[in-house]
Amino acid sequence: MNETQATQTTITTHEISTEQGRLFAQSWDWEPSVGPARVPIILIHDSLGCVPLWRQFPENLLRLTGQPVIAYDRLGFGRSDPHPGVLSADFIAQEIEQIFPQVLDALQIGDFIACGHSVGGAMAVEAAARYADRCKALITMGAQVFVEEHTLNGIRQAKIDFADPENLSRLDKYHGQKSRWVVDAWTDTWLSQAFSTWHARDQLPGVQCPILAIHGDSDPYGSTEHARVIAGNTGTADILSGIGHVPYREDEQRTLNSIQTFLIRCGLTEAVTQEQS
């Protein structure tokens with residue numbers, strides 16, 4: 001729809017009860033709803049992330065693509081319940097096997113677009129493969145799909161940085177008393193021997209939908225090879241020059257434009273101009 005539409009963005013909060021604990025989620029949509037049936041974009045956050053750390057990206061993604069956007073805090077993060085223990089080496093697969101289906105059911109989501117940042121990108125790959133009949137597009141940003149020394153070096157430095165209580169305290173605004181667990185779950189898991197052989201290459205052949213892998217060429221937590229592996233022979237690897245690990249924050253407009261162009265090409269959206277009422 002190319003015409004300007006006067007609508008208002010609505011943000012709805014959700015509490016999702018799962019067998020593992022309560023999850024916090026938010027959704028962004030237009031009121032009144034416009035256009036034909038739309039496919040929601042589900043955002044899956046990184047190893048230190050939560051809903052507020054997406055900042056204005058979800059609303060801007062809605063405005064540029066016309067698709068509703070949903071984000072949730074994984075167990076142990078943000079406003080969701082604490083995680084009951086340590087992350088297992090297969091926590092990425094576990095998220096999609098155990099938690100993600102309950103999110104889909106609670107929010108009555110049928111078809112969806114999976115969009116993940118960093119390790120959330122690996123989870124998005126898992127979701128696209130596991131729900132090949134329902135996932136209509138896969139988008140990753142700064143994703144990792146195998147363990148490499150480049151990534152481990154970045155995590156080793158982060159572990160040193162977060163040993164400083166002042167640096168750790170900056171996470172309290174988002175994770176409260178869970179901040180220490182959040183950092184340790186990231187660094188200790190990725191640096192463990194048990195996780196050293198993890199990769200998502202086996203899942204990629206099961207992805208049947210179009211793929212967009214966005215990656216900064218200055219990412220300290222993963223080489224651009226990750227994007228090329230995710231895209232394979234049929235997807236698109238969009239390598240952003242001068243961008244680090246968080247494309248949607250470091251150059252939000254370029255990231256949004258890449259996603260919009262991709263979804264238009266996939267026939268999942270049209271060029272949208274929104275006028276807030």
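All residue numbers refer to positions in the sequence shown, counting from 1.
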Transitive ILVMFWY cluster of Ile160, excluding itself - 4.5 Å side-chain cut-off:
none
Relative to the ring of [Y], is the ring of [X] parallel (under 30°), tilted (30 to 60°) or perpendicular (over 60°)?
X      : Y      : result
Phe146 : His226 : parallel
Tyr248 : Phe57  : tilted
His83  : Trp181 : parallel

Apply side chain to side chain contact (heavy atoms under 4.5 Å, CB included) to the pair Trp30 and Thr10, showing each step before the final yes or no.
CA-CA 6 Å; Trp30 284 328; Thr10 60; over 6 Å; no
Sequence neighbours excluded, the answer for side-chain contact (heavy atoms from CB on, under 4.5 Å) partners of Thr261 is Arg265
Under 4.0 Å between a Lys/Arg side-chain N and an Asp/Glu carboxylate O for [X] and [Y]?
X      : Y      : value
Lys178 : Asp172 : no
Arg79  : Glu15  : no
Arg38  : Asp29  : yes
Arg134 : Asp111 : no

Looking only at the side chains, is there a donor atom on one of [X] and [Y] sitting less than 3.5 Å from an acceptor on the other?
X      : Y      : result
Asn257 : Gln253 : yes
Thr9   : Arg63  : yes
Glu252 : Gln56  : no

Determine, stepwise, if the pair Arg156 / Glu149 fulfils side chain to side chain contact (heavy atoms under 4.5 Å, CB included).
CA-CA 10 Å; Arg156 291 183 185 110; Glu149 197 62 21; 2.8 Å; yes
Using ring centroids (six-membered ring only for Trp), state whether Phe77 and Trp186 fall under 6.0 Å.
no
Check: Phe24 ring centre within less than 6.0 Å of His14 ring centre
no
Taking all atoms of both residues into account, what is the closest heavy-atom pair of Phe162 and Asn167, and its distance?
CE2-O, 3.7 Å
